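Presented below is the structure to which this report refers.
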Amino acid sequence: MKILFVCLGNICRSPTAEGVVRRFAPEAELDSAGASGWHVGEAPYAPMQEAAMARGYDLSDLRARQFVATDFARFDLIIAMDADNLANVEALRPAGNETPVRLFTEYAPQSGAEAVPDPYYTRDFDQTLDLIEDCAKGLITTL
Ligand code: 4NP
């Protein structure tokens, strides 16, 4: 199963999702990307890395890249962190491609959340980690 996580900058939410899911499902082939190219080549945002490392998730090897249309053919499942990310991904879908694109929060319906909050703006890195862990647990039950 090849899964791509997508957020806006690819330095907070989607690399964290990748790092959390790879702990729970080490056999899955995972990657993450940003709808924007603002942080291409950068490691995850330092405060995000610190909050993740406090829970044992080492994100230091990850580097940001931008989502591209050819990702639709490379992955079995694309997971967006919020509705804007999902719309940005869908806008690049090649004609005839049927790769599913889902919101990460669909895997944690009990949370009541409709999006993974962007800690770059909220500054609440633990809130985002809590929800990502819940979504990751739901996701792996479907693999
Ligand atoms: P992310 O958070 O989409 O979870 O990586 C953001 C990081 C940086 C910016 C926006 C969102 N930015 O505007 O630079």
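As the structure lists them, so they are numbered: ligands from 1, and atoms in each ligand from 1. Treat the numbers as computed from the prediction; the structure is a model and nothing was measured.
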Checklist entry - Pick one: which of S14, C135, C7 meets side chain to side chain contact (heavy atoms under 4.5 Å, CB included) with F104? => result C135

Next on the checklist: Can you confirm if the aromatic rings of F67 and F5 lie within a centre distance of less than 6.0 Å?
Outcome noted: no

Checklist entry - Who passes ring-ring contact (aromatic ring centres under 6.0 Å, His included) against Y45, sequence neighbours left out? => result Y120

Item to check | Contact residues of ligand 1, where a non-hydrogen atom lies under 4.0 Å away | outcome: C7, L8, G9, N10, I11, C12, R13, W38, H39, D118, Y120, Y121

Listing, residues 136-143 side-chain donor-acceptor contacts under 3.5 Å, not counting sequence neighbours, or none:
{"unit_1": "T141", "atom_1": "OG1", "unit_2": "G138", "atom_2": "O", "d": "2.6"}
{"unit_1": "T142", "atom_1": "OG1", "unit_2": "L139", "atom_2": "O", "d": "2.6"}

Could you list the donor-acceptor pairs under 3.5 angstrom formed between side-chain atoms of residues 20-28 and any protein atom two or more places apart in sequence or on another chain?
{"unit_1": "R22", "atom_1": "NH1", "unit_2": "D61", "atom_2": "OD2", "d": "3.2"}
{"unit_1": "R22", "atom_1": "NH2", "unit_2": "D58", "atom_2": "O", "d": "2.7"}
{"unit_1": "R22", "atom_1": "NH2", "unit_2": "D61", "atom_2": "OD1", "d": "2.9"}
{"unit_1": "R23", "atom_1": "NH2", "unit_2": "R55", "atom_2": "O", "d": "3.2"}
{"unit_1": "R23", "atom_1": "NH2", "unit_2": "G56", "atom_2": "O", "d": "3.0"}

Item to check | R65 with D31: basic N within carboxylate O range, under 4.0 Å | outcome: yes

